[in-house]
Student: 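So that we are looking at the same thing, I have put the structure below in structure tokens.
Residue numbering restarts at 1 for every chain, and letters A, B, ... go by the order of the sequence lines.
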Number of protein chains: 2
Amino acid sequence: MTQPLPHRHSPSIKDVAERAGASTTTVSRVLSHPEAVRPDLRQRVQQAIDELGYRPNLAARRLRQQRASLIGLIVSDIRNPFFTEISRAVEDIAYRHGLRLILCNSDEDPAKEQSYLELMADEQASGVILSPTLELTRRFRAGQHPFPVVMVDRAPESSTPSDLVLLDNAPAARRLTEHLIAQGCRRIALLAGSRSSTGRERQAGYEAAMREAGLVPQVVALRPLAAEGQAAAAALLAQAERPDALLATNGLLLLGAWKAVREAGLAMPADVAVAGFDNNDWTTLPEPAVTVMAQPTADIGRTAAELLLQRMAEPGRPPRRIVLEGELLVRGSSAFRPPAAAPARPLHPAASAA
Amino acid sequence: MTQPLPHRHSPSIKDVAERAGASTTTVSRVLSHPEAVRPDLRQRVQQAIDELGYRPNLAARRLRQQRASLIGLIVSDIRNPFFTEISRAVEDIAYRHGLRLILCNSDEDPAKEQSYLELMADEQASGVILSPTLELTRRFRAGQHPFPVVMVDRAPESSTPSDLVLLDNAPAARRLTEHLIAQGCRRIALLAGSRSSTGRERQAGYEAAMREAGLVPQVVALRPLAAEGQAAAAALLAQAERPDALLATNGLLLLGAWKAVREAGLAMPADVAVAGFDNNDWTTLPEPAVTVMAQPTADIGRTAAELLLQRMAEPGRPPRRIVLEGELLVRGSSAFRPPAAAPARPLHPAASAA
DNA sequence: TTGAAAGCGTTACCAA
DNA sequence: TTGGTAACGCTTTCAA
């Protein structure tokens, strides 16, 4: 190992070429297609590179190639553990493929989201993974951006304008709802994230299950923040005829709902059952623990990254919609003891299927 | 609003110049020093920019300027809510200043950290905010990198080779320890993060407090992960003479410790008191809630970003070490009832100061 | 106040 | 297999 020689500026490909007695073209080739250069020359060039501590100038490379080996990840709330896990999985794969990752936080703000998409275009990103706001899922058109897009967690309901990785939202919400109904709950209120397609789909699944059981849906649409969930849940619990179950469409709202129940001094599940999406760490800490629909977060992130890599390799491939299943984890917050508690009121016939 | 005209490639400054009947120089000036261009011409240029939907090519700009308006944030564990909060604060300020932010996750791995620092050099970043591994805090030298560095959460103990934003670690750990001692705890075991200067400093504060109280420190050094904390705590609790208090130097280890106590079926604080760093959300959920030293995370992130901006504006300024204070939040996991429980054994005289 | 032209470091074309 | 050279799009002298 030789020390890098001192340089006023960091060495360029020209310096390497001079020192190796070769042309810049050859140096460039050694960097990108080493097999196209004869071994002895290649080695001389490589040695010059090492001795000078040469590192290619990315700006020059990008200017020339009109493309950066860089991908973007735009999440809607970095503080939501769901997205943190996804970030981690994506970052892991990007790092292993030598791709830079720019992580952006849109904060559920369409303007910020738009600004970050423009940033990605300006940076000539090779691809973007995105959990879009509701506005964007509606506005989004294939080929609208100068890079391929993979949507995670959220997507247009009918069309598939880009690769997608999603939970099976409506059925998952339905399963949660049916579980609560089977436990004897009748007045099940939903705290639904209003900013995303995902919140909407989960709401639809809930409503379908309620209707089939002959029960009346009660939905509160909210920004997906714990504080909002807590306030809304507190209001619901203060009603004369309060809900006997609270269901939340994401982990933050679920946390808020849980806190509201505790603040109200109510017992879970005897007074109010509680359940929701996202198997976050905290859900197993209280006694009783909280029933959740666990999402395969690492899988979602990994799949999205792999989908993006595949599309970068083969841009023409038709977009794929990958739907993953959640896992219902029944815990104390919704499990009545004795297990088979008799329903308070007779069930609507359709509910017996639940 | 006119539609951007169709273009094979995105329009360049040359296209704008032609359309406005001006030179590329003038267009460039309109972009960076508009006041140096006469109003009527400036307006004509601006109109051409708008009509073409022109966006400057960042690669070309960087190649020319040898500098990117982009900063890096390298955290050691993105899943630790402490760093998530910091990321959010930094991202917020970067966004408001029109600076791109690249967020990287070193995973406590010095090799990955090094690789990301090289990435930042390659990207010609204007500055980097970093929570360094222990290895880096030892190796770091001022002026080693082609960009200014601000360290957060961790730092060399004695020197100040860069701007720093830190918690007052040793005193904070001392306060926590003294609190436990005042509650009557005697066999206080510490779960210490071994990978960071911060873990070391907190360990030192704990040891000082223990020694002063005439108590024997018991330290387990660990990688800062919940699973490690849980395993280590379980082992401690299985001992013949088990600890009567568990203290953890970060939020992840604290979570692990808490889980181990519960798994062991022990009562908090009667059998074992539990306390630690980081006022994470989950700490208020269990009954009893968990005593913590709250860190001003948003402040830390904001301060680091502001420090970096200041240094980018004025590179010559001597580095500053900003030390913030934590807030001790005493909760049930360490609060014995009745409040003033008599110590099991007489205290060492020095402890009366606690 | 404006413009011409050089040059940032790289890659890709084409010729040898 | 190798090298000369133009071009990527921008900013920055320098001169007018």
Student: Given atom CZ of A:R38 and atom P of D:dG3, what is their separation to the nearest angstrom?
Tutor: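 Atom CZ in A:R38 sits about 10 Å away from atom P in D:dG3.
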Student: Go through the structure and list residues passing side-chain hydrogen bond (donor to acceptor under 3.5 Å, both in side chains) with A:R88, not counting sequence neighbours.
Tutor: B:D107
Student: Provide, to the nearest angstrom, the distance between the CD atom belonging to B:E123 and the C1' atom belonging to C:dG9.
Tutor: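 The distance from CD of B:E123 to C1' of C:dG9 comes to 15 Å, rounded to the nearest Å.
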Student: Could you pull out all donor-acceptor pairs under 3.5 Å where a side-chain atom in residues 297-309 of chain B meets a protein atom, sequence neighbours excluded?
Tutor:
| residue | atom | partner | partner atom | Å |
| --- | --- | --- | --- | --- |
| B:D299 | OD1 | B:R302 | NH2 | 2.4 |
| B:T303 | OG1 | B:D299 | O | 2.6 |

Student: Is any side-chain nitrogen or oxygen of A:T26 closer than 4.0 Å to OP1 or OP2 of D:dG3?
Tutor: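 Answer yes for this pair, as a side-chain N or O of A:T26 is under 4.0 Å from OP1 or OP2.
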Student: Roughly, in whole Å, what's the span from CG in A:D15 to P in C:dG9?
Tutor: 9 Å
Student: Do we see a donor-acceptor contact under 3.5 Å between the side chains of A:E314 and A:Q310?
Tutor: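 A:Q310 and A:E314 do not have a side-chain donor-acceptor pair below 3.5 Å.
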Student: Without decimals, in angstroms, what is the distance between A:N57 CG and D:dC10 P?
Tutor: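 Atom-to-atom, A:N57 to D:dC10, this comes out as 16 Å.
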Student: At under 4.0 Å between heavy atoms, how does the protein contact nucleotides 11-16 of chain C? Give one character per nucleotide, 5' to 3', with B, S or -.
Tutor: BBB---
Student: Nearest of C:dT2, C:dG9, D:dG3 to any side-chain atom of B:V37?
Tutor: C:dT2
Student: Per the end-axis method with five pairs at each terminus, what is the bend angle of the helix from C:dT1-D:dA16 to C:dA16-D:dT1, to 10°?
Tutor: 30°
Student: Pick the closest DNA chain C nucleotide for B:L41 and for B:L63 by heavy atoms, then say which residue is nearer the 5' end.
Tutor: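 Its nearest nucleotide lies further toward 5', so the answer is B:L41.
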Student: Return the set of residues passing ring pair (Phe, Tyr, Trp, His ring centres under 6.0 Å) with B:F147 (not counting sequence neighbours), or none when no residue passes.
Tutor: B:H145
Student: Expressed as a whole number of angstroms, how long is the span from B:Q66:CD to D:dT11:C1'?
Tutor: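 So the two atoms are 11 Å apart, to the nearest Å.
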Student: Can B:T133 and B:E108 be counted as having a side-chain donor-acceptor contact under 3.5 angstrom?
Tutor: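 No donor-acceptor contact under 3.5 Å links the two side chains.
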Student: Taking only residues two or more places apart in sequence, or in another chain, which ones meet B:Y116 in a side-chain hydrogen bond (donor to acceptor under 3.5 Å, both in side chains)?
Tutor: A:E91
Student: Please state how far atom CZ in B:R67 lies from atom P in D:dT12, giving the value in whole angstrom units.
Tutor: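 Rounded to the whole Å, the gap is 14 Å.
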Student: Sequence neighbours left out, what passes side-chain hydrogen bond (donor to acceptor under 3.5 Å, both in side chains) with A:E85? Give chain and number order.
Tutor: none
Student: My understanding is that only residues two or more places apart in sequence, or in another chain, count here; which of them pass side-chain hydrogen bond (donor to acceptor under 3.5 Å, both in side chains) with B:S159?
Tutor: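 For B:S159, no residue satisfies side-chain hydrogen bond (donor to acceptor under 3.5 Å, both in side chains) once neighbours in sequence are set aside.
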Student: CG of A:D122 versus C1' of D:dC10: gap in Å, rounded?
Tutor: 14 Å
Student: Whole-Å distance between D:dG3 P and A:K14 NZ?
Tutor: 16 Å
Student: Identify each donor-acceptor pair in which a side-chain atom of residues 27-41 of chain A lies under 3.5 Å from a protein atom, sequence neighbours left out, and give them as a table.
Tutor:
| residue | atom | partner | partner atom | Å |
| --- | --- | --- | --- | --- |
| A:S32 | OG | A:S28 | O | 2.9 |

Student: Reckon A:Q124 has a side-chain N or O less than 4.0 Å from the OP1 or OP2 of D:dC8?
Tutor: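 No, no such contact exists.
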